[in-house]
Protein chains: 2
Amino acid sequence: MATLAQHQHSPDDTIHGHGLRMTGQRRAVYDVLMGERNHPTAVEVFTKVRGQVPNISLATVYNCLETLTDCGLVKIVTHERGPSRYCPNLKDHAHFFCDSCGEVSDLPLRARKRPQDVWEVPENITISHHQVAFRGECPKCAKKKNLKSEARNPKSK
Amino acid sequence: MATLAQHQHSPDDTIHGHGLRMTGQRRAVYDVLMGERNHPTAVEVFTKVRGQVPNISLATVYNCLETLTDCGLVKIVTHERGPSRYCPNLKDHAHFFCDSCGEVSDLPLRARKRPQDVWEVPENITISHHQVAFRGECPKCAKKKNLKSEARNPKSK
DNA sequence: CACCTTATCAAGAACAATTCCTATTTAAGT
DNA sequence: ACTTAAATAGGAATTGTTCTTGATAAGGTG
Ligand SMILES: [Mn+2]
Ligand SMILES: [Mn+2]
Ligand SMILES: [Zn+2]
Ligand SMILES: [Zn+2]
């Protein structure tokens, strides 16, 4: 079941508040995102949501994702030239992309910190958004690699 | 290795160091990037570089940009779903994108600061890269907008 | 210089992700 | 039930990029 969005409103109320309807397709797309918080691509959402709405089209999935994004229920996440991914975590956060397994995870903003503390942003420019992506190797992949190199050379420290 | 580029070597040496040749096309592409530090797209580089090498092809521009990137002479900059842009500033920096005029500018990293100071990055993950983008309104566009609203309502404070 | 071997190139086809178009269906409001 | 606008499915079109291929150019060698 879909949990409530951020504050007092259900996703239905949020969508209605934008003068739009909560349709079966929109709910199914939203539920997939809330269910697997893996930052799926549109195509991944599409294949998943077909289990619920067997003849939804990919264009509709794109439309639903755009609508949900416009209503502020999900965020779109882009990374280099890969396909866009979608995230229902509305808190301010950055993303980590593992180069070996492709996993995407959330990195919360530290309390009382702002990106402007790290980069010199001139006073006279107005910031409305920021997007921060880290790349590297996740702990799982690092461990896997260590096991392999041990097997290859058992005496290595 | 790529890091040599900043220091004692010319771009020619850097490219040779990778077992490649500095051709007319590659130099022309590199010169365009060094000349206008506007973070041009591949197509913008293409039209510009045609002044020097009239029948260079777009595919070759893409190839040159990829080669220069692989050699560490330029960086590729992606932003949301727009076309990739290219940047010859090798220092660690973030980018600001003006929503009204499309201008892209560099924001230097503050001394002795790291992105990890602002986002909670678990100890056991290895960071190899980060990419940081800010969006908003540049000073020029803000001023323009102010002038317009003054003209519309001369008495407004 | 003539010859060989590769790297590089131009041109266009192919590709992946996304957006657009249009006829049909669905839902709200009366 | 009737009217009207919103939403959908399916497919075509677009955009930015990569791939393929045959022709050229550049270094190295004798
Ligand atoms: Mn996220
Ligand atoms: Mn830059
Ligand atoms: Zn991993
Ligand atoms: Zn501007």
Side-chain angles (χ1 to χ4, degrees), chain A residues 11-30 32 39-47 49-71 73-86 102 104, chain B residues 11-30 32 39-71 73-86 97 102 104:
Chain A
D12 295 52
D13 291 342
T14 306
I15 287 193
H16 291 149
H18 285 251
L20 303 172
R21 307 171 190 158
M22 176 56 96
T23 64
Q25 287 87 338
R26 285 175 182 161
R27 170 170 305 289
V29 166
Y30 183 68
V32 165
H39 301 88
T41 64
V43 169
E44 287 165 353
V45 172
F46 175 59
T47 52
V49 88
R50 283 220 137 181
Q52 300 304 116
V53 187
N55 48 5
I56 194 173
S57 75
L58 180 56
T60 298
V61 170
Y62 272 106
N63 285 337
C64 291
L65 289 168
E66 187 182 21
T67 302
L68 293 170
T69 304
D70 291 348
C71 292
L73 289 168
V74 312
K75 292 202 223 169
I76 187 166
V77 178
T78 59
H79 182 57
E80 290 166 13
R81 298 229 60 79
S84 300
R85 299 175 169 274
Y86 298 85
V104 184
Chain B
D12 294 53
D13 292 341
T14 306
I15 286 193
H16 291 150
H18 284 251
L20 302 173
R21 305 172 190 155
M22 177 54 98
T23 64
Q25 287 87 338
R26 284 173 182 162
R27 169 168 306 289
V29 166
Y30 183 68
V32 165
H39 302 87
T41 64
V43 170
E44 287 165 354
V45 172
F46 175 58
T47 51
K48 197 82 187 178
V49 89
R50 283 220 137 180
Q52 301 303 117
V53 187
N55 49 4
I56 193 172
S57 75
L58 179 56
T60 297
V61 170
Y62 272 106
N63 285 336
C64 292
L65 290 168
E66 186 181 21
T67 302
L68 293 170
T69 304
D70 292 347
C71 293
L73 289 167
V74 312
K75 292 201 224 171
I76 186 165
V77 179
T78 59
H79 182 58
E80 291 166 11
R81 298 230 60 77
S84 300
R85 299 177 167 273
Y86 298 85
F97 299 82
V104 184

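Residue numbers begin at 1 in each chain, while the letters A, B, ... track the order of the sequences. Worth knowing before you read on, the calculation uses all heavy atoms, side chains too, and leaves out hydrogens, waters and symmetry mates.
Remark: C1' of D:dT14 and CZ of B:R81 are 14 Å apart, rounded to the nearest angstrom. In this structure, B:L58 atom CG and C:dC15 atom P are separated by 19 Å, rounded to whole Å. What separates CD of A:E44 from C1' of C:dA17 is a distance of 13 Å, to the nearest Å. Separating the NE2 atom of B:H16 from the P atom of D:dG28 is a distance of 9 Å, rounded to the nearest angstrom. In this structure, A:E80 places its CD atom 12 Å from P of D:dT18, rounding to the nearest Å. Rounded to an integer number of Å, the gap from B:N55 CG to C:dA11 P is 6 Å. Remark: C1' of D:dT18 and CZ of B:F46 are 16 Å apart, rounded to the nearest angstrom. Spacing between atom NE2 of A:H18 and atom P of D:dA7 amounts to 13 Å, rounded to whole angstrom units.
Side-chain proximity of B:R21 to the nucleotides C:dA7, C:dT26, D:dA9 is greatest for C:dA7. When each of C:dA7, D:dT17, D:dT8 is scored by its nearest atom to the side-chain atoms of A:T23, the top-ranked nucleotide is D:dT8.
Counting all heavy atoms, side chain and backbone alike, B:R21 lies closest to B:H16 at CA-CD2, 4.3 Å. In terms of heavy atoms, B:T78 sits closest to A:R81 at CG2-NH1, 4.1 Å.
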All N/O donor-acceptor pairs, side-chain side in residues 45-53 of chain B, below 3.5 Å, sequence neighbours left out:
| unit_1 | atom_1 | unit_2 | atom_2 | d |
| --- | --- | --- | --- | --- |
| B:T47 | OG1 | B:V43 | O | 3.3 |
| B:T47 | OG1 | B:E44 | O | 3.0 |
| B:K48 | NZ | B:E36 | OE2 | 2.9 |
| B:R50 | NE | B:P54 | O | 3.3 |
| B:R50 | NE | B:I56 | O | 3.3 |
| B:R50 | NH2 | B:I56 | O | 2.8 |

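At the heavy-atom level, A:S84 lies under 4.0 Å from the strands shown only through sugar-phosphate atoms.
With rounding to the nearest 0.5 Å, the separation of CD in A:E66 from OG in A:S84 is 11.0 Å. Taking NE2 from A:H18 and CG from A:L20, the interatomic distance works out to 8.0 Å, rounded to the nearest 0.5 Å.
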Let's go through A:V77 and A:Y86 carefully: what are the C-alpha distance in whole Å and the side-chain angles of both, what is the deciding distance for side-chain contact (heavy atoms from CB on, under 4.5 Å) to 0.1 Å, and is it a yes or a no? CA-CA 6 Å; A:V77 178; A:Y86 298 85; over 6 Å; no

Does the pair B:L65 and B:I76 meet the rule for a side-chain contact (heavy atoms from CB on, under 4.5 Å), with working shown? CA-CA 9 Å; B:L65 290 168; B:I76 186 165; over 6 Å; no

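For the pair A:Q25 and C:dT26, the criterion of a side-chain N or O lying under 4.0 Å from OP1 or OP2 is not met.
For the contact set between residues 59-70 of chain A and DNA chain D, defined by any heavy atom under 4.0 Å, the members are A:A59, A:T60.
With the nearest nucleotide of DNA chain C identified for both B:I56 and A:G82, B:I56 has the one nearer the 5' end.
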